[in-house]
Enquirer: 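Here it is, the structure in full.
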Amino acid sequence: EAIIARALRQVESSLDMTRIVGISATLPNFEDVATLLRVRPDKGLFFFDNSFRPVPLQQQYIGVTEKKAIKRFQLMNELCYEKCLEQAGRNQVLIFVHSRKETAKTARAVRDLALERGTLGRFLSDDSASREVLAEEAPLCRSPDLQELLQYGFACHHAGMTREDRSRVEELFDDGHVKVLVSTATLAWGVNLPAHTVIIKGTQVYNPEKGAWVELSPLDMMQMIGRAGRPQHDTEGEGIILTTHQELQYYLSLLNQQLPIESQLVPRLADNLNAEVVLGSVTSAKEGADWLGYTYLFVRMLRNPALYGASEAEARADELLEARRLDLVHAAALQLDRAGLVRFARRTGSIQATDLGRVAAHYYVGHETMSLYNDYLKPTLTDIEVFRLFALSKEFAHMGVREEEKAELLKLVERVPVPVKEAVDEPTCKVNVLLQAHISGLKLDGFALAADMVYVTQSAGRLLRALHEIALKRGWAALAHKLLGTCLMVDRRMWLAQTPLRQFRTARGEPVLPEDVIRKIEKKDFPWERLYDLQPHEIGELVRYPKMGKTIHRLVHQFPRLELAAHVQPITRTVLRIELTITPDFAFDHRVHGGAELFHVLVEDVDGEAILHHELFVLKAKFAEEDHTLTFTVPIADPLPPTCFVRAVSDRWLGAETVLPVSF
């Protein structure tokens, strides 16, 4: 919504036309979206209903009245088995469940019932070739569940499995070797694998943000049911929905008179408003209300004012709901003001961005997380506290600790280098440990943990960069330095104590040096700076690997290194002018360094605590052999300190920094 609103306003202000094309499956109120995109209903709107479906769909709804969870569970398994048996030997069945663990459980339950009743033979293909394929493929799987199930013609599929396992299951199902596939909803959205019969087992899904079970969304439902019927093979498809008796009516009405899709902007209004304020397109509450007029929220508010908190009377009195939009913007601006992301003057309604707000918008960090950082950031944070603060981010608020993960987390807690104070069943401990396990390159056994680790590390880059930026803006030298180091440790997946040579990787992401050579260098505890003075044969002798001497020598001299020289000139008693000459002292190689290298140039006070000046220096490939000059003025305190330090730190390479003391 925010992007569309921004694009529409851009078109109006610059008269530079942008064409927006919207494509969606299963969207009941498509007219509203057409209104949002400014599409002409007669010319630009196309709608394909069920009559366009190549295979007609037969739907069954089964309501289970059993109240007790275990009995209900057994009954649903029994129903799944019966429905699968009806198709056994003729058609493939796709069963959708709503948790990863449930996939293997359901597949086992159906298989066990078939074993019990002696009908297992009907689920396997008659031809021996198919059985052989399954017998060959089963041992190759990483997942123990798949190894066990595949030989019977059953399989499971979910996002926690490895890429190879998922591809293998998809191929086997596509080729018709697997007869019953139990999957989570990810398969419905991501992979086009149709089956003759689709069963949706249960309609409650776990929502991590709410930490509770909620009813399946109509969109997911339509998407899953839509997988029934294979255009090339079937004359009809079959969709079966198993739900509790009290929800039966809801789903029947859903698919007959579909519920409209509503706007989801209100919960994220504060963050989107902040982005517009930082961009400069909203400078007051009035402009904020105008901006809301370009969103889907506004389109839906006009259609259904009561749902968005405007009464019928309000809607009649104020046709364009301007007062309601002002209220929404006012509430969001107050939230941002409390979090320190904007300055909001209530009397005049003006909204101005702050440094914190700019950082939040630039790194897509939510206002709650920013507010937390604002409260907890201190110039004296230790490594332990930096990792703890990262784990407290609201981005991970919904990450729970599953019972089966505790044992593995306990093992990891003992293996990671930075101590974790919290107990294993606390989510902050899990986030902290997963981040450190990522840096250490530890292998995880649990698939669910691996998926959570991806989530943590995807957010880690931007959250830590945001923390680094805040520290820079506040002029905290030691903390900014520590946080940049942490960012690079996550990017490079190595600790500061390890040798910088670990950062050299091939185009395919493999280390250039063999692991045993790197370990030898690290064991020697030889100072990194002194490697520059050695000849290739001396390096070869040092690591007792003469053949490697040349390679290591080349890498050491490709590692970014700058020589600094400064010329100082006082302008007044409290202002110094520094002319800094930067000489690159490394072999610039396109394959290693790309087109340019970025460095932070900082001037720090005598204690190394305050940043007196900060600027970015970009070293481009074509000027890599030349000297560069930066000139800047620095404020100094009275009485005169004995020295200050100029530090040049690489933005991409861990451990690439040069410090020059400047005395005056």
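These values consider heavy atoms only, across backbone and side chains, with no hydrogens, waters or symmetry-generated copies.
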Enquirer: Do the side chain of Glu522 and the main chain of Thr499 share a donor and acceptor less than 3.5 angstrom apart?
Expert: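 Yes: the side chain of Glu522 pairs with the backbone of Thr499.
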Enquirer: Relative to Trp495, does Arg502 satisfy both conditions: NZ or CZ under 6.0 angstrom from the six-membered ring centre, and within 45 degrees of the ring's axis?
Expert: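 Checked: cation-pi criterion not met.
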Enquirer: Considering residues, nucleotides and ligands other than Glu625, do more than 12 of their heavy atoms fall under 6.0 Å from its CD?
Expert: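 No, because the 6.0 Å sphere around CD of Glu625 holds 12 heavy atoms or fewer from other groups.
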Enquirer: Search all heavy atoms of Leu483 against all heavy atoms of Ala471 and return the closest pair with its distance.
Expert: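 Looking at all heavy atoms of both residues, the closest pair is CD1-CB, 4.0 Å.
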Enquirer: When you compare the side chains of Asn432 and Gln436, does any donor N or O come within less than 3.5 Å of an acceptor on the partner?
Expert: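 There is such a pair between these side chains.
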Enquirer: Has Ile3 got more than 12 heavy atoms of other residues, nucleotides or ligands less than 6.0 Å from its CD1?
Expert: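 Atom CD1 in Ile3 is not packed in, count stays at 12 or less.
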Enquirer: Output all residues satisfying side-chain hydrogen bond (donor to acceptor under 3.5 Å, both in side chains) with Tyr545, sequence neighbours left out; order by chain, then residue number.
Expert: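 side-chain hydrogen bond (donor to acceptor under 3.5 Å, both in side chains) check on Tyr545 returns nothing, list empty.
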Enquirer: Using only heavy-atom distances, determine whether the side chains of Thr382 and Glu385 contain a donor-acceptor pair under 3.5 Å.
Expert: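 The criterion, which ignores hydrogens and geometry beyond distance, is satisfied for Glu385 and Thr382.
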Enquirer: When you measure from the side chain of Arg519 to the backbone N and O of Pro514, does any donor-acceptor pair fall under 3.5 Å?
Expert: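 It does not hold such a pair.
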Enquirer: Tell me, yes or no, whether the heavy-atom count around Arg268 atom CZ, taken from other residues, nucleotides or ligands under 6.0 Å, exceeds 12.
Expert: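 No, CZ of Arg268 has 12 or fewer neighbouring heavy atoms, counting only those of other groups under 6.0 Å.
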Enquirer: Could you tell me if Glu657 and His481 have a donor-acceptor pair between their side chains, going purely by distance under 3.5 Å?
Expert: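 Yes - a donor-acceptor pair under 3.5 Å links their side chains.
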Enquirer: Keeping Arg577 on the side-chain end and Ile571 on the backbone end, is there a donor-acceptor pair under 3.5 Å?
Expert: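 Flag not set: sc Arg577 to bb Ile571 has no pair under 3.5 Å.
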Enquirer: Would you say the side-chain atoms of Lys482 pair up with the backbone N or O of Val386, donor to acceptor, closer than 3.5 Å?
Expert: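 The answer is no, because no donor-acceptor pair under 3.5 Å joins these two groups.
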Enquirer: Taking the basic N atoms (NZ, or NE/NH1/NH2) and the acidic carboxylate oxygens, is any pair closer than 4.0 Å for Arg100 and Asp145?
Expert: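 Salt bridge flag = no for Asp145 with Arg100.
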Enquirer: Would you verify whether the NZ or CZ of Arg462 falls within 45 degrees of the ring axis of Tyr364 while also being under 6.0 Å from that six-membered ring's centre?
Expert: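 The answer is no; the distance or angle limit is not met.
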Enquirer: Hey, would you say the His157 and Phe173 ring centroids sit under 6.0 Å apart?
Expert: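 That pair fails the under 6.0 Å test.
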Enquirer: In this structure, are over 12 heavy atoms from other groups packed under 6.0 Å from Lys473 atom NZ?
Expert: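 Counting neighbours around NZ of Lys473, more than 12 heavy atoms of other residues, nucleotides or ligands fall under 6.0 Å, so yes.
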Enquirer: Answer yes or no: is there an ion pair linking Lys406 with Glu403, defined by an N-O contact shorter than 4.0 Å?
Expert: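 Result for this pair is yes, salt bridge flagged.
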Enquirer: Distance-only, no hydrogens or angles: does the Thr658 side chain make a donor-acceptor pair with backbone N or O of Leu562 under 3.5 Å?
Expert: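 At least one qualifying donor-acceptor pair exists.
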Enquirer: Using every non-hydrogen atom in the two residues, find where Ala437 and Val416 come nearest and quote the distance to one decimal.
Expert: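 Smallest heavy-atom distance, with atoms named: N-CG1, 4.1 Å.
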Enquirer: Do Asp452 and Arg402 meet the salt-bridge criterion of a basic N to acidic O distance under 4.0 Å?
Expert: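 Between Asp452 and Arg402 there is a salt bridge, with a charged N closer than 4.0 Å to a carboxylate O.
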Enquirer: What's the verdict on salt bridge (Lys or Arg N to Asp or Glu O under 4.0 Å) for Glu469 and Arg358, showing C-alpha distance, side-chain angles and the deciding distance?
Expert: CA-CA 10 Å; Glu469 193 92 4; Arg358 287 188 192 93; over 6 Å; no
Enquirer: Inspect the contact between Glu422 and Arg388 and indicate whether a charged nitrogen and a carboxylate oxygen are less than 4.0 angstrom apart.
Expert: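 Counted as a salt bridge, because a side-chain N and a carboxylate O are separated by less than 4.0 Å.
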Enquirer: Are any side-chain N or O atoms of Arg652 and backbone N or O atoms of Glu597, one a donor and one an acceptor, separated by less than 3.5 Å?
Expert: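 No; judged by distance alone, with no hydrogens or angles, the pair does not exist.
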Enquirer: Do His613 and Glu615 have a side chain donor and acceptor closer than 3.5 Å?
Expert: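 There is such a pair between these side chains.
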Enquirer: More than 12 heavy atoms of other residues, nucleotides or ligands under 6.0 Å from NZ of Lys524: is that the case?
Expert: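 More than 12 heavy atoms, drawn from other residues, nucleotides or ligands, come within 6.0 Å of this atom.
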Enquirer: Could you tell me whether a side-chain N or O of Thr184 sits under 3.5 Å from a main-chain N or O of His158, the two making a donor and an acceptor?
Expert: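 Not a single qualifying donor-acceptor pair exists.
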Enquirer: Under 4.0 Å between a Lys/Arg side-chain N and an Asp/Glu carboxylate O for Asp165 and Arg168?
Expert: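 Yes, Asp165 and Arg168 are salt-bridged.
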Enquirer: Got a salt bridge between Arg474 and Asp355, using NZ or NE/NH1/NH2 to carboxylate O under 4.0 Å?
Expert: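 Answer for the salt bridge query: no.
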